[in-house]
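Note that this is a predicted model, so its numbers are computed, not measured.
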Amino acid sequence: MLPSDVFRRDVRCFYIYQGALYYHETHRREPVELTEPLRQEVRKMLEMMHDYFKRGYIPKVRPKKGCPSCSLKEICLPVICKKKSAQPYYEAMLGSDDV
């Protein structure tokens, strides 16, 4: 998927103004207003992620105060944060050590 594909739905003659984030652990949805600044921020992040992937760069993990309430904490925190590098996790997820 390319960064430009994320908002392809705009081409279909309709515009989505609101979405939702679903939190499985609490079984709740939180509404998210899809503003133009948010769309631009997501596009920028996706471009950065694609650039990182092309270069084989794995950013350092920086735990934040929201980490304990994240639905991915069981995957991310025990596996990555106890180690200095995310390389083993990355290799396990992609099945390659060429990165």
Side-chain angles (χ1 to χ4, degrees):
M1 175 189 306
L2 298 173
S4 58
D5 294 339
V6 172
F7 300 107
R8 183 176 283 176
R9 72 201 175 302
D10 297 346
V11 177
R12 296 183 187 154
C13 299
F14 62 90
Y15 196 81
I16 298 173
Y17 295 95
Q18 187 178 46
L21 294 175
Y22 178 74
Y23 294 95
H24 178 73
E25 196 167 300
T26 61
H27 302 287
R28 298 186 63 84
R29 284 184 177 81
E30 292 294 326
V32 177
E33 188 176 347
L34 301 176
T35 62
E36 191 55 37
L38 178 61
R39 294 169 195 267
Q40 290 172 2
E41 185 177 349
V42 170
R43 284 184 188 110
K44 183 179 170 184
M45 284 185 195
L46 288 172
E47 288 169 2
M48 253 181 12
M49 289 170 51
H50 282 271
D51 181 55
Y52 286 173
F53 184 78
K54 285 179 196 171
R55 293 187 292 137
Y57 172 72
I58 301 171
K60 299 280 185 214
V61 176
R62 290 184 224 136
K64 298 181 178 163
K65 64 181 179 180
C67 288
S69 60
C70 177
S71 62
L72 298 175
K73 69 182 174 197
E74 295 302 319
I75 297 170
C76 180
L77 292 175
V79 174
I80 295 177
C81 293
K82 291 181 182 177
K83 299 175 182 173
K84 296 293 182 196
S85 171
Q87 187 71 33
Y89 176 79
Y90 189 78
E91 291 169 4
M93 296 308 287
L94 294 179
S96 171
D97 55 2
D98 298 332
V99 181

TODO: Would you kindly confirm whether V42 and V32 end up in one hydrophobic cluster when ILVMFWY residues are joined by side chain heavy atoms under 4.5 Å apart?
DONE: yes

Open item on the list: Would you compute the distance between atom CG of L34 and atom CD of Q18 and round it to the nearest 0.5 angstrom?
Closed with: 7.5 Å

Task: Separation of E41 CD from L46 CG (nearest 0.5 Å) - done: 11.0 Å

TODO: Name all residues meeting the salt bridge (Lys or Arg N to Asp or Glu O under 4.0 Å) criterion together with E30; count only those two or more places apart in sequence or in a different chain, and write none if there are none.
DONE: none

Open item on the list: With rounding to the nearest 0.5 angstrom, report the CD1 to CD distance, I16 to E33.
Closed with: 14.0 Å

Task: For Y17, side chain to side chain contact (heavy atoms under 4.5 Å, CB included) partners two or more places apart - done: Y15

Task: Approximate separation, where rounding is to 0.5 Å, of M49 CE and Y57 OH - done: 13.5 Å

TODO: Please identify each residue that fulfils side-chain hydrogen bond (donor to acceptor under 3.5 Å, both in side chains) with H24, with sequence neighbours left out.
DONE: none

Task: Contacts of T26 that satisfy side chain to side chain contact (heavy atoms under 4.5 Å, CB included) - sequence neighbours left out - done: Y23, R28

